[in-house]
Amino acid sequence: MSSKHIKLKTELPGPKSRALMEKRKKYVPRGLGQYTNIVVAKARGAILEDVDGNHLLDFASGVAVANVGHCAEKVVKAVQRQAARAMHTNFNIAPYERAVELAGRLASLTPGSFTKRALLVNSGAEAVENTVKISRASTKRPSILCFEHAFHGRTYMSMTLTHRANPFKMGYSPFCTDVHRAPYPYVYRWPGNKDSDVVADECFQFFSDIAARTSPGQIAAVIIEPMLGEGGFVPAPKKFLQKLQAFCRKHGIVFAVDEIQTGFGRTGTLFACEQLGLEPDIMILSKGIGGGMPIGAVVGRAKVMDAAGEDGIECGSYGGNAVSSAAALATLDLFKSGSLVKNARKIGKTLEPRFAAWKEKYKFIGDVRGMGSMQAMEFVKDRRSKEPDPEKVNKLLDYCYERGLIVISAGTYNNVVRLLTPLVTEPDQLEEGLEIMESGLQAIA
Ligand code: PLP
């Protein structure tokens, strides 16, 4: 096995990481999840360097954030430049040049030829919250429709929209009201082993029934991920999404697509909506937009976005932050040449046949799927019952981590291995990681 990029000087964790992790245990609430026990000193491209000098290969990108790679030079320079010019005045007092420019860029880059506005916020969850506020204000309707297996964040409304209770919602009830949930077209787990076309039709029928019971005239917004992120990289059939969009148009419902995880090149186009033929009324964005800096955005139809009256949407102290906006503009510049989305497709083309071959070989891999560079494998105890096998996923993740490769899981049942490599991952880095995964699969088989 080659190890050109991974360099382990100590066992993981090394002594410095171990000492800092002890401190973390003492001062940080235990509810914060923890995939690894190293502490990062530096990060570049697809490589993390920990405080003990170990170099690890990162196939998680900080959960789909470092699409342009860690510390991309242009982003770092933009951040430094902006930090030296102006950091904070508050957008509502005196907006920043870079933030206004960014709003314009997002309005023109997102799908839909209609006039748009962009609200800049600080995180994905905040973008989701504002989507709900704006949708209710613009339609003057109360109800929100969301989907099974969805993940939309950890604030109260976004957590209400999130489906999986354990661990995301445990102990936090009561949740927000007037949120209704429809099935997601999860083809692999749809009863009866049906093909995606049939699942799209049947699932849409369920959705229509739920919408009818809720009453379409009462529904402010339908919020959906075009491919589940935390829910296990499950792409919704194009046909289903298009029917959903048509239904929303017909009934004056805001069609809001959460591209927080799928956005900014991950799926092989800047936004997944482009390849799905969708023009949502609202695009909910975050993660990859900032190249590592915290920022989120709600980008939507001007008519919808302007519905909350003057001073109605206050974007908070930090919304449209100058430094984050500068980072986002630099990130968008990096996408201009098209090479990053091309690389996302190339990564996908390497992963797809590899995962398919592993599925042939290992009976515990029940399904492989994804879009572009977002590819996943779902582990099951046996293929007939499809009983989830999260233990094997954890074994594989541990195997990889011990050898310096960071891979993370997903899925309502925690039984999905997902790859979120930075889009700048070089072919030999990808190969190095895949070789480790392959020997890990052999070891746990
Ligand atoms: N929506 C989706 C699809 C996500 O994947 C996430 C985060 O994982 C969120 C919303 C919440 O974003 P944040 O963690 O920035 O609040």
Side-chain angles (χ1 to χ4, degrees), residues 31-35 60-67 110 119-133 135 144 146-164 167-169 172 176 179 181 184 186 221-236 241 255-267 271-273 276 278 280 282-300 315-316 318-321 324 327-328 331 370-374 376 408-412 414 416 418-420:
L32 276 146
Q34 193 180 309
Y35 264 106
S61 297
V63 195
V65 169
N67 294 11
T110 44
L119 172 73
L120 302 177
V121 292
N122 305 294
S123 67
E126 228 185 288
V128 171
E129 294 288 334
N130 279 284
T131 298
V132 172
K133 280 168 66 177
S135 302
I144 305 294
C146 61
F147 291 85
E148 290 177 354
H149 306 284
F151 182 89
H152 294 288
R154 295 165 190 271
T155 53
Y156 260 99
M157 176 47 85
S158 63
M159 182 171 50
T160 304
L161 297 170
T162 292
H163 191 199
R164 185 174 153 193
F168 303 131
K169 301 163 86 161
Y172 298 139
C176 303
V179 171
R181 199 176 300 282
Y184 192 88
Y186 195 150
V222 169
I223 301 182
I224 191 163
E225 295 163 87
M227 170 162 79
L228 298 173
E230 300 307 301
F233 282 20
V234 181
L241 292 167
F255 180 54
V257 174
D258 180 343
E259 286 237 37
I260 288 171
Q261 194 152 156
T262 52
F264 299 96
R266 281 264 151 227
T267 64
F271 302 108
C273 281
L276 295 165
L278 301 175
I282 286 183
M283 291 279 282
I284 315 174
L285 305 172
S286 190
K287 288 191 183 279
I289 182 179
M293 290 294 285
I295 183 164
V298 185
V299 188
C315 61
Y318 299 113
N321 173 265
S324 291
T331 301
M371 287 173 86
S373 70
M374 290 177 84
I408 57 174
S409 60
T412 299
N414 238 349
V416 175
R418 61 170 152 170
L419 288 201
L420 285 165

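If you're wondering where the values come from, they're calculated on a predicted model, not measured in any experiment. As the structure lists them, so they are numbered: ligands from 1, and atoms in each ligand from 1.
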### Query
Which residue, Y186, Y184, F168, forms the ring pair (Phe, Tyr, Trp, His ring centres under 6.0 Å) with H149?
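When ring pair (Phe, Tyr, Trp, His ring centres under 6.0 Å) is applied between H149 and each of Y186, Y184, F168, only Y186 qualifies.
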Specify the closest pair of heavy atoms between [X] and [Y], including all atoms of both residues, with the distance to one decimal.
| X | Y | value |
| --- | --- | --- |
| M283 | C273 | SD-SG, 3.9 Å |
| S409 | N414 | OG-OD1, 3.6 Å |
| A127 | V298 | O-CG2, 3.3 Å |

### Message
How about OH on Y35, more than 12 heavy atoms from neighbouring residues, nucleotides or ligands closer than 6.0 Å, or not?
### Response
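More than 12 heavy atoms, drawn from other residues, nucleotides or ligands, come within 6.0 Å of this atom.
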### Query
Are E230 and R418 close enough for a salt bridge, meaning some N to O gap below 4.0 Å?
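Salt bridge flag = yes for R418 with E230.
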### Message
How long is the straight-line distance from CZ of F151 back to CZ of R164, given to the nearest 0.5 Å?
### Response
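Answer for the CZ-CZ pair, R164 versus F151, is 9.5 Å.
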To the nearest 0.1 Å, how far is [atom] from its closest protein heavy atom, and which atom is that?
| atom | result |
| --- | --- |
| atom 7 (C) of ligand 1 | K287 CE, 3.2 Å |
| atom 1 (N) of ligand 1 | D258 OD2, 2.7 Å |
| atom 15 (O) of ligand 1 | G124 N, 2.8 Å |
| atom 16 (O) of ligand 1 | A125 N, 2.8 Å |

### Query
Closer than 4.0 angstrom: is that true for some heavy atom of G229 and an atom of ligand 1?
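Judged by the 4.0 Å heavy-atom criterion, G229 does not count as contacting ligand 1.
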### Query
Measuring from the heavy atoms of V63, does anything fall under 4.0 Å of ligand 1?
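It does not, in that no heavy atom of V63 comes within the 4.0 Å cut-off of ligand 1.
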### Task
Output yes when a protein non-hydrogen atom is found under 4.0 Å of atom 5 (O) of ligand 1, and no otherwise.
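When distances to the protein are checked, atom 5 (O) of ligand 1 has a heavy atom within 4.0 Å.
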#### Entry: Proximal ligand 1 atoms for G153, defined as those under 4.0 Å from one of its heavy atoms
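What qualifies from ligand 1 is 11 (C).
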### Task
State the atoms of ligand 1, each with its element, that fall below the 4.0 Å cut-off from a heavy-atom position in E225.
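The atoms of ligand 1 under 4.0 Å from a heavy atom of E225 are 3 (C).
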